[in-house]
Structures are given as C-alpha cells and as structure tokens.
Amino acid sequence: MIQLLFPVIFGEMAVIMILLFKTPLRKLVIMALDRLKRGTGPLIVKTVAGVIFVMMLITVYSIKEIESRPIDTLNPTDQILFSRLVLEASLMGFLLFLSLMIDRLHHYIRELHLLRKTMEAAKKQNRAMEDRKSSSSDEFKVSGEEISKLKTKIKQLESECGTKGNEVKAAEANVVALKSQSEGFLMEYDRLLEENQNLRDQLQSIDHNLSHNDNKKNT
C-alpha cells in the first residue's frame, strides 16, 4: 500500500507545481482537469476519494486499537505494525489533501481566467463608448452614464481579480508548506524502515537464542 501511495503523492505534487507556473504544460494539465470534471469523471473521483477516506478511517481505528492495548502485551511485531499503520494513515490523509489543493487551484485559475476575459471585454466596450462619445453630442449624457457604469464594473472586476490572486498566493504558500511536510514524511519513512529492520534483527536474534536453548534442553 505504501509503495502505491508514494508515487501517487509525488504525481499530485508535480501537478500542483505545474499549475503554479504559467507554462505550456499548465495548459495541458488544465485541459485534462476540465475533461476530468465532465461526464462521469467527478463521480469516479469522488468514489476513489471516498474509498481512500474509508481506508484511512479503518487504519486509524487499527492504530487506536493497538494503542489501547497494555504496553506489557505489545511485542516487536505490534510495534512494527503500529509504525506502518501510522505512516499509511498519514500518507492517505496527505493524498486527499493534495487532491483538494489541485481541485481548488484549478477552480481559482479558471475563475481568474474568466474574470480577466470579462474585464478585457468591459475595457473594450468602455473604449468604444468613449469613441462614440466624441462623435455625437446628443449621445453624450447616455454615454457618460454607461461609461460610469462600465468603470464601476471594471473596478469591481479588478477587486475580485485581486481577491482571487490573493487566494492563489495563499494556495502557493500552502504548497510550499506541504512540500516541506512531505520531506518530513520521507525522513520519517526512512527512520521507520531502519527501525523496522532493527526490530526484525532483534526478533531473529531472539528466535535464534530460543532455538539454541531448546536444543540444549533436548540434549
């Protein structure tokens, strides 16, 4: 399970990094996400996310069950299993969080794109109205009102664009924090592997001593 979670997490981190920078790859990823959100795509994604969430809850329950046992009854095998379950639960939670980050980044990028298009159209319309204003004095009052409305709309759009830009910056800051957290997970994984190997060596040593003592008793 862990061997499957790590590639998926690294893939999601790569997608987030691509979305943060304006490159040709970014357009391809956005197109792929657009297609994924059409038809049965959202249902499939929600189903997979639900399965992972349920698996994470089961893993957390197993962790709590091991924690509830008396310390004296825990053997090295239980300790290895506990460490592995903690790592699996952390990775599944991290995977779901990255999936949510990808969805929100895609949403914000799309909203910013639409806002910029609307703002450009409003500016073009504003320029056209200003040109018409100079051509006819009879239309001056009407044009002035429409220009005032367009300017107000442009200010609102610029404000919304600034808000969405701040949200994207906040998302970028979260990605940086997640990157450092993932590095911590990798270090923890290496430590758990080393601890796992040490516990296995201890179990082998104990088994060897027990078998040696049994042979002595038999003789």
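- Separation of atoms CD (Gln156) and CG (Leu115) is listed at 11.5 Å; rounding is to 0.5 Å.
- When all heavy atoms of Ile154 and Ala122 are compared, the closest pair comes out as CG1-CB, 3.9 Å.
- Scanning for side-chain contact (heavy atoms from CB on, under 4.5 Å) contacts around Pro42 gives an empty result, with sequence neighbours left out.
- Rounded to the nearest 0.5 Å, atoms CG (Leu98) and CZ (Phe94) are 4.5 Å apart.
- For His107, the side chain to side chain donor-acceptor pair (under 3.5 Å) criterion is met by Glu111, not counting sequence neighbours.
- Remark: Thr77 pairs with Asn75, Leu203 by the side-chain contact (heavy atoms from CB on, under 4.5 Å) rule, at least two apart or across chains.
- Screening residues 116-127 for salt bridge (Lys or Arg N to Asp or Glu O under 4.0 Å) gives no qualifying pairs among residues at least two apart or on separate chains.
- Under the 4.5 Å side-chain heavy-atom criterion for ILVMFWY residues, no single connected hydrophobic cluster contains both Val29 and Leu100.
- At least one side-chain heavy atom of Val86 sits under 4.5 Å from a side-chain heavy atom of Phe82.
- Note on Ile63: it does not cluster hydrophobically with Val54, by side-chain heavy-atom contacts below 4.5 Å among ILVMFWY residues.
- In the hydrophobic cluster analysis, where Ile, Leu, Val, Met, Phe, Trp and Tyr join through side-chain heavy atoms closer than 4.5 angstrom, Tyr61 is grouped apart from Met56.
- Taking the salt bridge (charged side-chain N to carboxylate O under 4.0 Å, His left out) definition, one finds that Lys151 meets it with nothing, sequence neighbours left out.
- A distance-only check finds a donor-acceptor pair linking the side chain of Thr163 to the backbone of Ser159 [under 3.5 Å].
- Grouping the Ile, Leu, Val, Met, Phe, Trp and Tyr side chains by contacts below 4.5 angstrom, directly or via other members, places Val48 with Phe6.
- Under the rule for a side chain to side chain donor-acceptor pair (under 3.5 Å), Lys153 has no partner lying at least two apart in sequence or in another chain.
- In terms of heavy-atom proximity, Ser62 sits nearest to Leu85 at CB-CD1, 3.7 Å.
- In this view, Lys64 and Glu67 satisfy the salt bridge (charged side-chain N to carboxylate O under 4.0 Å, His left out) rule, not counting sequence neighbours.
- Scanning all heavy atoms of the two residues, the minimum distance from Ile30 to His106 falls at O-NE2, 3.8 Å.
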Would you give me the side-chain donor-acceptor pairs under 3.5 Å for residues 13-26, sequence neighbours excluded?
residue	atom	partner	partner atom	Å
Thr23	OG1	Arg26	N	3.4
Arg26	NE	Leu19	O	3.2

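- We find the CG-CG distance between Leu28 and Leu33 to be 11.0 Å, quoted to the nearest 0.5 Å.
- For Asp103, the side-chain contact (heavy atoms from CB on, under 4.5 Å) criterion is met by Lys37, not counting sequence neighbours.
- Arg104 meets the salt bridge (charged side-chain N to carboxylate O under 4.0 Å, His left out) test with no other residue; sequence neighbours excluded.
- Under a hydrophobic clustering in which Ile, Leu, Val, Met, Phe, Trp and Tyr are joined whenever their side-chain heavy atoms come within less than 4.5 Å, directly or via other members, Leu105 and Leu114 fall into different clusters.
- Here the CD atom belonging to Glu88 is positioned 11.5 Å from the CD1 atom belonging to Ile58, to the nearest 0.5 angstrom.
- Two residues are said to be in side-chain contact when any heavy atoms from C-beta on lie closer than 4.5 Å; Leu157 and Glu160 meet this criterion.
- By the side-chain contact (heavy atoms from CB on, under 4.5 Å) test, Leu95 pairs with Leu5, Val8, Ile9, Glu12, Ile52, Ser99, sequence neighbours left out.
- Listed by chain and number, the residues in a salt bridge (charged side-chain N to carboxylate O under 4.0 Å, His left out) with Glu65 are Arg69 (sequence neighbours excluded).
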